[in-house]
Novice: 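Pasting a structure here, questions to come.
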Amino acid sequence: MSDQHPPTNFIRQLVAADIEAGRYRQGITTRFPPEPNGYLHIGHAKSICLNFGLARDFDGHCALRFDDTNPDRESPEFVEAIKSDVRWLGFDWEGRLHHASDYFEQLYEFAIELIDSGNAYVCDLSPDEIRSTRGTLTEPGVNSPFRDRSREENLALFKKMRAGAFAEGSRVLRARIDMASPNLHLRDPTLYRIRYQTHHNTGDHWCIYPMYDFTHPLSDAIEGVTHSLCTLEFEDNRALYDWVLEHVTTPSRPYQTEFSRLSLEYTVVSKRLLTILVEQKVVSGWDDPRMPTLSGMRRRGYPPEALVDFCTRIGVTRNHQNVELSVLENCVREALDPRTPRAFAVIRPLKLVIENYPEDQEEDLAALNHPGDESQGTRQLSFCRELYIEHDDFLEDPPKKFFRLAPGREVRLRYAYLVTCREVVRDASGNIVEIRCTYDPQSRGGNAPDGRKVKGTIHWVSARHSVRAEARLYQPLFSDPEPGFSSDGDLDSVLNATSLTTLDDIQVEPGLAQAKPGTVFQFERLGYFCVDRDSTNSMAVFNRTVGLRDSWARSRSG
RNA sequence: UGGGGUGUAGCCAAGUGGUAAGGCACCGGAUUUUGAUUCCGGCAUUCCCAGGUUCGAAUCCUGGCACCCCAGCCA
């Protein structure tokens with residue numbers, strides 16, 4: 001499909017026009033600039049695909065840059081996780097791995113230049129005072145009493161800030177712009193703050209740290225970034241981005257363009273909110289298969305190609321983008337279907353006994369690993385008198401169009417025989433515990449000798465040969481299509497209490513028991529399942545990646 | 001009643017003055033030993049609303065309306 005409709009969006013058009021106009025003869029440069037304070041999520045995938053995709057398609061370069069200017073929230077754990085997630089998605093920064101912290105010395109020099117030209121000053125106001133003098137959305141702010149310090153005094157003070165002469169929070173370096181600007185970002189924004197904090201990259205070398213609005217444009221300029229792409233909430237910051245670049249002497253002039261961030265139904269795509277889920281132990285960790293993180297989706301069994309495909313399908317615009325889950329799920333199924341081997345597993349076992357099948361008889365039956373792709377070969381399924389079938393495949397009092405097993409009904413056991421239900425066995429409390437059937441010995445392989453039509457086909461495993469395993473079924477973490485909780489207080493009201501269902505007695509083909517973590521199978525008629533890393537030698541654990549499309553279930557619940 | 005943005009189908013999204021692509025979802029129907037896959041067909045007389053310009057407007061103009069973002073020494 002993407003062959004017929006190559007990705008086009010306003011940013012690609014902009015880049016194409018820039019190149020057409022002869023700017024960027026050296027080629028374009030983009031960058032993906034995460035802060036290492038959390039794990040990457042599907043929203044980052046959109047940005048990664050955009051930035052790296054642009055560089056790839058326009059013969060440019062894309063760097064991975066850690067925006068690590070705030071030592072109290074960042075860590076090497078996140079740095080490593082981010083790197084492996086970007087690689088997993090299929091992108092390569094080709095040695096262009098940078099850290100904003102690599103530029104701290106240069107950034108300091110740029111700050112000196114700003115002070116020198118009278119465009120920055122050291123302000124002794126407290127955080128509270130700065131806030132209260134900033135004004136409001138409708139009222140201008142008032143000038144800091146320190147705004148008109150001399151160049152020499154500012155220089156001396158800033159050097160002392162760096163030298164560690166002042167307490168945290170006691171002073172900042174501010175840009176000298178306009179306290180009455182209708183754009184709040186231009187009301188003498190803070191450029192540097194004092195923080196006695198060990199940085200994961202620079203250690204204790206610094207006690208002053210530059211702010212994002214100062215660091216970002218300059219990092220871009222240092223790296224020769226041509227197109228600096230970010231999300232819409234940074235739109236107002238662009239004026240400051242430009243101001244910084246226009247007031248210091250930089251090696252290049254990058255330009256910022258914003259696009260809308262991705263929202264996904266029934267999930268949150270915000271590092272802050274995801275961090276709360278992890279810290280409150282709502283989930284087992286950043287890679288919980290219910291998380292919209294790249295590591296969570298990987299563990300769940302989503303192939304990276306599916307995420308890349310998803311990103312090209314949703315496009316890049318400036319509209320509010322709230323995408324339905326079905327788009328993502330469809331991408332996952334589409335990526336998995338052609339290459340995923342089929343297997344039989346029964347997740348809610350119900351015993352089925354074939355009364356006219358000899359007790360001591362066993363046989364092997366050939367099954368296709370992938371109907372529709374013979375190159376994937378066949379495997380042997382063991383068959384005997386006692387089987388397990390899916391509990392959902394039997395109904396004592398079936399509705400109109402139910403063509404599975406029911407009293408007196410005949411169905412096909414896929415790749416095996418036609419069986420007819422003769423009797424239902426119950427336990428003392430009335431629960432159905434066993435189905436007794438007879439089989440047609442002439443129907444080996446599943447075809448009736450007389451050509452009679454049997455509509456229903458169900459899967460099964462041999463009770464004598466199958467292996468017990470665990471399955472984890474997932475639903476969205478939230479019951480609200482647009483969760484957006486603000487504090488942990490209102491978390492419970494939006495959480496889906498049944499987002500995880502653990503089934504610890506599923507029965508699978510013996511061949512599945514030792515599969516490696518990460519391997520994906522299609523359990524026929526049930527969905528795609530991925531071997532979890534929690535698997536042990538005695539018990540395999542399968543995550544349901546995504547179910548199969550199920551028009552029967554849909555027609556019933558609709 | 002400050003500034004910056006966004007409105008095309010249920011959800012995304014093309015469209016750049018010449019008569020509304022595509023995907024997902026949904027609804028038919030064919031094939032099927034997975035109620036899967038695949039395949040065919042349907043799904044906006046109208047583009048937030050109201051005026052205007054024009055032979056012709058989703059595209060241009062004017063005026064409204066709705067929603068989102070900004071008052072961190074976070075990014």
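These values consider heavy atoms only, across backbone and side chains, with no hydrogens, waters or symmetry-generated copies. Note on naming: letters A, B, ... go to the chains in the order of the sequence lines (proteins, then strands), and numbering restarts at 1 for each one. This structure is a prediction, so every number in the text was calculated from the model and none was measured.
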Novice: When only distance counts, do a donor and an acceptor, one from the side chain of A/Arg342 and one from the base of B/rU34, lie under 3.5 Å apart?
Specialist: yes

Novice: Rounded to whole Å, please give me the gap between NZ in A/Lys46 and P in B/rA13.
Specialist: 7 Å

Novice: Measure distances between side-chain N and O atoms of A/Glu324 and base N and O atoms of B/rG10, and say whether any donor-acceptor pair falls under 3.5 Å.
Specialist: yes

Novice: Do you know which two heavy atoms are closest between A/Gln380 and A/Ala366, and how far apart they sit?
Specialist: OE1-N, 3.7 Å

Novice: With no angle test and no hydrogens, is the base of B/rG3 tied to the side chain of A/Asp236 by a donor-acceptor pair under 3.5 Å?
Specialist: yes

Novice: Any side-chain N or O of A/Arg131 less than 4.0 Å from the OP1 or OP2 oxygen of B/rC73?
Specialist: no

Novice: A/Tyr192 near the nucleic acid: base, sugar-phosphate alone, or nothing, with a heavy-atom cut-off under 4.0 Å?
Specialist: nothing

Novice: Using a 5.5 Å cut-off between ring centres and planes within 30 degrees, is A/Trp552 stacked on the base of B/rG35?
Specialist: yes

Novice: A/Arg187 side chain N/O closer than 4.0 Å to the phosphate oxygens (OP1, OP2) of B/rG2?
Specialist: no

Novice: Taking the side chain of A/Gln321 as heavy atoms from C-beta outward, which of B/rA75, B/rG35, B/rA13 is closest to it?
Specialist: B/rA13

Novice: If only side-chain N and O atoms of A/Arg333 are considered, is one of them under 4.0 Å from the OP1 or OP2 phosphate oxygen of B/rA36?
Specialist: no

Novice: Does anything in residues 411-421 of chain A form a salt bridge (Lys or Arg N to Asp or Glu O under 4.0 Å)? List the pairs, not counting sequence neighbours.
Specialist: A/Arg414-A/Glu524

Novice: Using O4'-C1'-N9-C4 for purines and O4'-C1'-N1-C2 for pyrimidines, with syn meaning within 90° of 0, is B/rG72 syn or anti?
Specialist: syn

Novice: Look at A/Thr215 and B/rA75 and indicate whether a side-chain polar atom (N or O) is within less than 4.0 Å of OP1 or OP2.
Specialist: no

Novice: Contact class for A/Glu329 (heavy atom, under 4.0 Å): base, sugar-phosphate, or nothing?
Specialist: nothing

Novice: Think A/Arg318 has a side-chain N or O under 4.0 angstrom from the OP1 or OP2 of B/rG5?
Specialist: no

